[in-house]
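Structure, as structure tokens:
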Amino acid sequence: LFRMENGSLPPKTEGFVSRMALNDNKAGMEGLDRDKINKIIMETSKGSKFYENELKREQQVNQRIEMMLQKEQITEQQLKKAQAQVERMVAELEESRDLTRAIVHVDMDAFYAAVEMRDCPELKDKPMAVGSMSMLSTSNYLARKYGVRAAMPGFIAKKLCPHLVIVPTNFDKYRAVSNEIREIFTDYDPGFMPVSLDEAYLDFTEHVEKRQSWPESLRTRRYRASTTTTGEESGKLAQEAAPGTPDLSPVLFEDSPSSSSNSEDAGDAFEIFGTSVEEAVREMRFRIEQKTMLTASAGIAPNMMLAKVCSDKNKPNGQYRLPPTREAVMEFVCDLPVRKVSGVGKVSEKLLSALGISSCSHLGQKMALLSLLFSETSWHHFLQVSLGLGSAFIPRHEERKSMSTERTFKEMSAVEEQLSLCHELCEDLANDLKKEGLKGKTVTLKLKNVNFEVKTRALTLPYPVATADEIFTVAKDLLKTERDNESPQPLRLRLMGVRVSAFVSSDHKKPLQRSIVGFLNSGRGESGSSQRAKQQHLKENSQLSSSSQIWPLGCQRARAKRLQLQAAAASTTQQAGLGTSPPPVSGKTDASGRCPDGGSPALVCPICLLSQDDDDLGMFNRHVDLCLN
DNA sequence: TACATACAC
DNA sequence: GATGGTGTATGTA
């Protein structure tokens, strides 16, 4: 069972850097001439600093593989023991398998490219990509046929496809479209989780439940401006239908059926969607197309990991539902290439492939071995994947943990130039931090030299910083240290970046918010999205979502009161946190970090509504937690 | 905490 | 001529 296929798996061509080869596991990349494309990529890259660095990284990975294969000499004894442990864990995980949720992953098709094509008809029948000569963000399906894809530099793409049109990015435009589709998402799951501008996870479970008892009119989508709409949605729908003729969406892929052409065939003035999840998702995609003239693909599955894979299955402009049965899931996962799973990238793929693992079923077969070769978190993740398990609920949006800005430029070696750039970065970063009212204690400087070698240097202060000068004071010091380190050689840089992390303000507010939100929702049952709460979604104006009906009036008042208390407590908290001000101690705080004026206001527990004598926030939070339990 | 790596988009 | 920017997680020291 073990120690059989030793190593010989990756077909190694001499001097071939597999890290740089075409990634053809994305949609629209089937059946093209890989070898020819890779040859062009390699020829164009060969000899560049970038290439040399990639070669180095490749060798590092190869070394890791060697070390791993040495460890593979494992006694039967050990393996048996590991196998037993794996089996125990499998049983445990099986126990917890949840097939009751309908998780949806939506993904706009060739998003940036599609937006540009929509707004510039000239582009519709041309291979095009969005980005620059240095880097492409995405490409349309016509360009993909030439091997042109996201994360490829434009000058290489041009070699692959000389007629390629490269359009610069218009982030503001993409953001605007993103907001439009997110409005639609909210109607199906107000707690949806955005992944990026064009991608999101939604929990459709509750929507589908409600949908069963809806009148047909609520499931009717008009796409002719002429018809009058009925019901509470009329305004919205009329607006969405306003763009009129449905055949304006850019044709992304010649062979792909477009829902627009379907509607033309039907020749009807409206369409009624059914009550199933699939119909609901179809409806959502239809509304997206009506509103933005862009198409989306979607995957429906019992958990996030599977939904993500499913959304890729019928891309572009398609959807796929994986039935919520153990059998269907296991069959689906069996032949699934590990690389398709989110979280498994180039390196993991290569490591696994060295062990003879390329599909998820292999993953399951070799789990005992994997448990001995990989870290606990890694093999636990592999195990879950091999069983088709993933998160069946969509986690609440997390607070951000860091904020950074970085820039690439032509070689820069002069100290003064580097310093002024560093200062500029600090200013930009301080600006961004200000927008979110953040202060952090850790400043990290990132440097990349002309050989593409990356270094980070960090310093954690005893107090939080936020202004450009505060950050710069630290960053320039880190830069100086690094310069001294390399001297007398100058730092020949091609990139510099500054990051601030270890935030304090949110750190204090967060646990409290969580507790209160948890309390407010505790009456609504335990499952999935109902547990999540984003204040923004509690606003009442959405027709489809139930948010305005969730709270009985009395309850709303209580909620308002508690939120008030929460705010008060939070501001108290921030004051208490002033002990962390920077050195020239401000006159407003004394050494203990207490507010000198008026003493410390008593904290009130939002649950039991009793004043807490202790004004220590930690104690207070523990009290709230006790109350919640 | 510091740093490097892997990963996603 | 030319290979990005932003953010998270994790392993290790």
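Chain A is the first sequence line, chain B the second, and so forth, proteins listed ahead of strands; every chain is numbered from 1. Note that these values count all heavy atoms, side chains included, but never hydrogens, waters or copies made by symmetry.
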Looking for any heavy atom pair under 4.0 Å, which part of the strands does [X] touch: base, sugar-phosphate only, or nothing?
| X | answer |
| --- | --- |
| A/Lys410 | nothing |
| A/Arg19 | nothing |
| A/Val443 | nothing |
| A/Glu54 | nothing |
| A/Leu459 | sugar-phosphate |
| A/Lys49 | nothing |

Pairs touching residues 417-444 of chain A that satisfy ring-ring contact (aromatic ring centres under 6.0 Å, His included), sequence neighbours left out: A/His423-A/Phe472
Within the 6.0 Å centroid threshold, strictly below: A/Phe192 and A/Tyr201: no
Output the rounded distance in Å from [atom1] ([X]) to [atom2] ([N]).
| X | N | atom1 | atom2 | value |
| --- | --- | --- | --- | --- |
| A/Arg339 | B/dA6 | CZ | P | 13 Å |
| A/Glu52 | C/dA2 | CD | P | 14 Å |
| A/Lys455 | B/dT5 | NZ | P | 12 Å |
| A/Arg64 | B/dA6 | CZ | C1' | 8 Å |
| A/Lys158 | C/dA2 | NZ | C1' | 14 Å |
| A/Arg57 | B/dA4 | CZ | P | 11 Å |
| A/Met305 | B/dA8 | CE | P | 12 Å |
| A/Glu411 | C/dA2 | CD | P | 11 Å |

Sequence-distant partners of A/Arg34, side chain to side chain donor-acceptor pair (under 3.5 Å), two or more places apart: A/Asp24
State which residues pass side-chain contact (heavy atoms from CB on, under 4.5 Å) with [X]; sequence neighbours excluded, sorted by chain then number.
| X | value |
| --- | --- |
| A/Asp198 | A/Asp107, A/Met108, A/Phe111, A/Ser196 |
| A/Asp477 | none |
| A/Pro127 | A/Leu142, A/Ala143, A/Tyr146, A/Cys161, A/Leu164 |

Identified side-chain hydrogen bond (donor to acceptor under 3.5 Å, both in side chains) counterpart of A/Glu58 within the set A/Gln63, A/Lys346, A/Arg19, A/Lys350: A/Lys350
Minimum-distance nucleotide to A/Thr460 side chain [options: B/dA8, B/dA2, B/dA4]: B/dA2
DNA chain B: 5'-proximal contact among A/Val454 and A/Ser342 (nearest heavy atom): A/Val454
Closest-nucleotide ordering on DNA chain B, the 5'-leading residue of A/Val195 and A/Gln60: A/Gln60
A/Glu453/A/Lys56 ion pair, N-O < 4.0 Å: yes
Under 4.0 Å protein heavy-atom contact, by nucleotide of nucleotides 3-10 of chain C - B base, S sugar-phosphate only: BBSBSSSS
Nearest-angstrom distance, C1' atom, B/dC7 to C/dG4: 15 Å
Side-chain N or O of A/Arg457 closer than 4.0 Å to phosphate OP1/OP2 of B/dT1: no
